[in-house]
Engineer: 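Okay, handing you the structure first.
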Amino acid sequence: TDRRRAVPLVALAVPVIPLALHAGLGVPVVAAFVIGAVLGVVITRPRELVQQLSSAAVKGMEDVAPAVILMIGIGMLLNATTLPGVRGALGPLISTVDFRSPVIYVLFFGLLSPLALYRGPLNPYGIGIGIFLLIRDLELLPPLALLAAVMSLVQVQNTCDPTNTQNVWVSNFVGMRVEELTRRTILFKAVVCLLGLIAGALLYL
C-alpha cells in the first residue's frame with residue numbers, strides 16, 4: 001500500500017525558517033533551528049509531535065556526530081602543522097620542488113590530486129592547509145598561482161572525497177556506498193583539476 005502522506009505546500013518553506021529567524025530577527029542559532037523543527041512537525045504531522053522530534057534528534061546525532069568529530073580532528077591537525085618543529089621539518093622538503101616551473105607545477109599538483117582525498121596532505125580542509133601556508137611563507141609560488149592550485153585541487157576534493165558530509169548524504173540518498181561515488185567521479189574531476197592547473201600555469205607563472 002502507498003503510505004505516503006500529503007502535506008501542505010507551505011511545508012517547503014520550513015528550511016528557510018531558521019535562516020529567517022537568525023538572520024532577520026537575531027534569534028540564536030540553536031533556538032532558530034528548534035523553532036523551525038517544531039513548526040515543521042506541526043505543519044506536517046502535528047499528532048506525532050513528540051515521536052517525530054525524538055526520532056529526528058536521534059537521526060540527526062547519527063548523521064552529524066561523525067562530521068563534528070572530524071572537524072575537531074582537523075582543527076587539531078591544523079594546529080599541529082603550524083608548530084615550528086613541523087614547519088622546520090617540512091620546509092626543506094617542500095623547498096626542493098621547483099613549483100615555478102609550469103611543467104612541474106601541473107604535474108606535481110595534478111598527479112598528486114588524489115592526495116586531496118581523506119583530509120590528506122593536499123586537502124585544503126585537512127593537512128593541506130599547512131602545506132599551502134608553508135609554500136606561501138617560503139614564497140615558492142606567486143600568490144595567484146598558489147590560489148589556482150588550491151582551487152584546482154578543490155575540484156577533486158569537493159566531489160570525490162568520501163569524508164565530505166554532503167557526499168555521504170548524497171550516497172545514502174541514492175543508495176550507494178560513498179566510496180563508489182568517489183570511484184565514479186575521480187577521473188572526471190582529475191581532468192578538471194589538470195585543466196585548472198594548466199590555466200593557472202599559463203596565467204600566473
Side-chain angles (χ1 to χ4, degrees), residues 64-172 174 176-205:
V64 173
V68 171
I69 295 172
L70 184 62
M71 291 300 107
I72 293 173
I74 291 171
M76 297 169 62
L77 191 59
L78 175 58
N79 287 333
T81 58
T82 59
L83 293 174
V86 176
R87 293 173 67 87
L90 290 177
L93 295 175
I94 296 296
S95 299
T96 60
V97 181
D98 182 15
F99 289 106
R100 291 180 181 269
S101 165
V103 174
I104 293 178
Y105 172 84
V106 172
L107 290 179
F108 180 87
F109 290 112
L111 294 178
L112 297 182
S113 59
L115 295 180
L117 305 179
Y118 291 102
R119 311 294 164 175
L122 291 183
N123 189 317
Y125 306 103
I127 307 175
I129 190 62
I131 302 295
F132 299 136
L133 288 175
L134 193 58
I135 292 174
R136 182 203 65 182
D137 293 343
L138 295 175
E139 299 181 350
L140 300 178
L141 271 176
L144 289 177
L146 178 57
L147 176 61
V150 173
M151 294 304 296
S152 298
L153 290 167
V154 164
Q155 303 308 308
V156 176
Q157 193 276 333
N158 277 346
T159 304
C160 307
D161 194 343
T163 65
N164 284 345
T165 305
Q166 72 269 17
N167 292 346
V168 175
W169 289 341
V170 168
S171 299
N172 289 338
V174 300
M176 69 164 60
R177 290 173 53 84
V178 67
E179 293 81 5
E180 179 67 13
L181 178 65
T182 300
R183 188 185 68 80
R184 293 190 181 189
T185 57
I186 183 102
L187 290 179
F188 298 102
K189 299 305 288 186
V191 172
V192 173
C193 176
L194 280 172
L195 293 175
L197 291 167
I198 292 171
L202 292 175
L203 292 172
Y204 306 123
L205 290 180

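As a basis for the values below, the full set of heavy atoms in this structure was taken, side chains included, without hydrogen atoms, waters or symmetry mates. What you see is a predicted model, and the numbers here were worked out from it, not measured in a lab.
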Engineer: With rounding to the nearest 0.5 angstrom, report the OG1 to CG distance, T96 to L140.
Structural biologist: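 These two atoms lie 9.5 Å from each other.
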Engineer: Locate the shortest heavy-atom distance separating P124 from V154; write the atom from each residue and the value.
Structural biologist: CG-CG2, 3.6 Å
Engineer: Please report the shortest heavy-atom distance between A145 and Y105, naming the atom on each side.
Structural biologist: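 So the minimum-distance heavy-atom pair works out to O-OH, 2.6 Å.
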Engineer: Do you see a donor-acceptor pair shorter than 3.5 Å between the side chains of N158 and Q166?
Structural biologist: no
Engineer: Has the side chain of N164 got a donor or acceptor atom that lies under 3.5 Å from a matching backbone atom of T159?
Structural biologist: no
Engineer: Nearest 0.5 Å, what's the CZ-OG1 distance between R177 and T182?
Structural biologist: 10.5 Å
Engineer: On a heavy-atom basis, which atom in S171 and which in V178 lie closest, and how many Å separate them?
Structural biologist: OG-CA, 3.3 Å
Engineer: First locate atom CG of L205, then atom CG of L197, and finally report the distance between them rounded to the nearest 0.5 Å.
Structural biologist: 10.0 Å
Engineer: Which heavy-atom pair separates A190 from S113 by the least distance, and what is that distance?
Structural biologist: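 Distance-wise, the nearest heavy atoms are CB-OG, 4.4 Å.
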Engineer: If the threshold is 4.0 Å, N to carboxylate O, is there a salt bridge linking E180 and R184?
Structural biologist: yes
Engineer: For residues D161 and Y118, report the shortest heavy-atom separation together with the two atoms involved.
Structural biologist: OD1-N, 3.0 Å
Engineer: Identify the heavy atoms of L138 and S95 that sit nearest to each other, and give their distance.
Structural biologist: CD1-OG, 3.5 Å
